[in-house]
Protein chains: 2
Amino acid sequence: MSRRSGVLEFAVLGLLRESPMHGYELRKRLNTSLGVFRAFSYGTLYPCLKTLVAQGWLTEESASQEPLSAAPLGGRRAKIVYRLTPAGKEHFEDLLAQSGPDAWEDEQFGVRFAFFGHTEREVRMRVLEGRRSRLEERLERMRASLARTRERLDDYTLELQRHGMESVEREVRWLNELIETERTGRGRAADRDAAGPAREGTDPHSTTT
Amino acid sequence: MSRRSGVLEFAVLGLLRESPMHGYELRKRLNTSLGVFRAFSYGTLYPCLKTLVAQGWLTEESASQEPLSAAPLGGRRAKIVYRLTPAGKEHFEDLLAQSGPDAWEDEQFGVRFAFFGHTEREVRMRVLEGRRSRLEERLERMRASLARTRERLDDYTLELQRHGMESVEREVRWLNELIETERTGRGRAADRDAAGPAREGTDPHSTTT
DNA sequence: GTTTTCATGTAACCCGTTACATGATTCA
DNA sequence: TGAATCATGTAACGGGTTACATGAAAAC
């Protein structure tokens, strides 16, 4: 009974919710489709899958050729397809519903957001607003610490600090937009691409390379 | 001979370079003064300090009252002040000078930047440019993966991806400015606050709270 | 004189990676 | 048929936190 990794468990259940998959494919989806997630290694993924099976959230089905029964004698490892059980699905819904203080942390927030499509609006609001206030606290602390030490810092340290704060401020503004969109109900956070209203002069895709 | 933690070691040597300190204070500086660094716990910091002493980069001096010699009999733990040795200082310079592939990674880059004040311009350029190309690779991958999967993704996932890319793009632009400033020699990355030239329409400090 | 805050330390654990080992499938 | 890629697994280690234990100094 090891490996109870919050994010990974969450992400795996969420991805498997769409369709059954085997580990190898699952990992690729983790690294690409859900953009945010970092690259988990097989050394993390496979043991995790095993424990999820042990808990009853997943079932493993031998795929490929042998129809499930004759395969596991002698050697013959076959492709293992993981499928979400009803219990697993229920567990995932639970995870989505509970928006405890952890849910505002960087990674947790990322996964949760990625699955907003399956989340009730009320919970989405809680998560977004919780995240925002978390970031605002962080800003407060940064500002305070900066005010205290400003004089003693060299230009580079200062610039780093300034850039950091600006990034957080940008994320807060982003959240504000999302919350507003969510509140007024229109567009599902989309309506960009096509001359989006409510977007100030931002020019995406211009790396100035 | 345990705990050889890249960033922490780097940061400790760098901070101690300014003035001797004891662990407790060191930790506070780590969390605040150098804004970027995350909050290392004592469980990480103290063992690390011990190994740095063992390598000869630091010396520990008993501070407070007892003048160093009579203290460590029986109990009587006193405040321990850590001081950078000449060898330690030399090692720190070495670390600054070498800008290997690790130096472009998120955390490594952060520490290195924080100590740019002690770094030669040539090395600063290598680090900044290396970081930029690292980020551009990342962007490339994100764009590719997005192009491949765009259709199958729901609006929220898409929005997350878009926001992620925009953040990276912003950092690239930031690096471009820094590199330009570095190249032309003027201002040491400062000349903001006062109607900075070379800054496009960015409006800092407006959280829209 | 007792509560806070400062200050140091350690052992147990957690989450994850690396390096390695193995085998099946595809494709030139 | 042999190389590349797909696919699964594990043992050893790495870097960090938590919880705990201890004690000195300051503040009330």
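In what follows, every chain begins at residue 1, and chains take the letters A, B, ... in the order their sequences are listed. Note that the structure is predicted; figures quoted are calculated from it, not measured.
- If you take CG of A:Asn31 and P of D:dC6, they are 13 Å apart, rounded to a whole angstrom.
- Residue A:Ile80 places its side chain closer to D:dT8 than to any other of C:dG9, C:dG16, D:dT8.
- In the helix from C:dG1-D:dC28 to C:dA28-D:dT1, the end axes, each obtained as the rotation axis mapping the C1' atoms of four pairs onto the next four within a five-pair block, lie 20° apart to the nearest 10 degrees.
- B:Tyr24 has a side-chain polar atom (N or O) that falls below the 4.0 Å cut-off from OP1 or OP2 of C:dC6.
- We find that B:Arg134 and B:Glu171 are not joined by a salt bridge, their nearest charged nitrogen and carboxylate oxygen being 4.0 Å or further apart.
- Contact annotation: B:Lys79 does not reach the phosphate of C:dT8 (side-chain N/O to OP1 or OP2, under 4.0 Å).
- Remark: the backbone N or O of A:Trp57 is paired with a side-chain donor or acceptor of A:Thr85 at under 3.5 angstrom.
- Atom pair B:Leu49:CG and D:dG15:P shows a separation of 16 Å (rounding to whole Å applied).
- The minimum heavy-atom distance linking B:Phe115 with B:Leu15 is given by the pair CZ-N, 3.9 Å.
- A salt bridge does not link A:Glu25 to A:Lys28: none of the charged nitrogens lies less than 4.0 Å from a carboxylate oxygen.
- Side chain of A:Arg124 to backbone of A:Thr119: a donor-acceptor contact under 3.5 angstrom is found.
- If you check C:dG16, D:dT17, D:dG9 against the side chain of B:Ser41, the one that comes closest is D:dT17.
- D:dA24 atom P lies 16 Å from atom NE2 of B:His22, rounded to whole Å.
- Taking atom CD of residue A:Glu60 and atom P of nucleotide D:dA7, one finds them 16 Å apart after rounding to whole Å.
- Distance B:Leu45 CG to C:dC6 P: 16 Å, rounded to the nearest Å.
- Listed pair A:Tyr46 / D:dT8 meets the phosphate criterion, a side-chain N or O lying under 4.0 Å from OP1 or OP2.
- Remark: C1' of D:dG15 and NZ of B:Lys50 are 20 Å apart, rounded to the nearest angstrom.
- If you take CD of A:Glu25 and P of C:dT25, they are 17 Å apart, rounded to a whole angstrom.
- When the nucleotides C:dG9, C:dT17, D:dG9 are ranked by their closest atom to the side chain of B:Tyr42, C:dG9 comes out on top.
- Distance A:Leu52 CG to C:dC15 P: 13 Å, rounded to the nearest Å.
- Electrostatic pairing of A:Arg170 and A:Glu166 does not count as a salt bridge here, judged by no charged N lying under 4.0 Å from a carboxylate O.
- Salt-bridge annotation for A:Glu122 and A:Arg126: present, with a side-chain N of the basic residue lying under 4.0 Å from a carboxylate O of the acidic one.
- The side chain of A:Thr44 contributes an N or O atom lying less than 4.0 Å from OP1 or OP2 of C:dT17.
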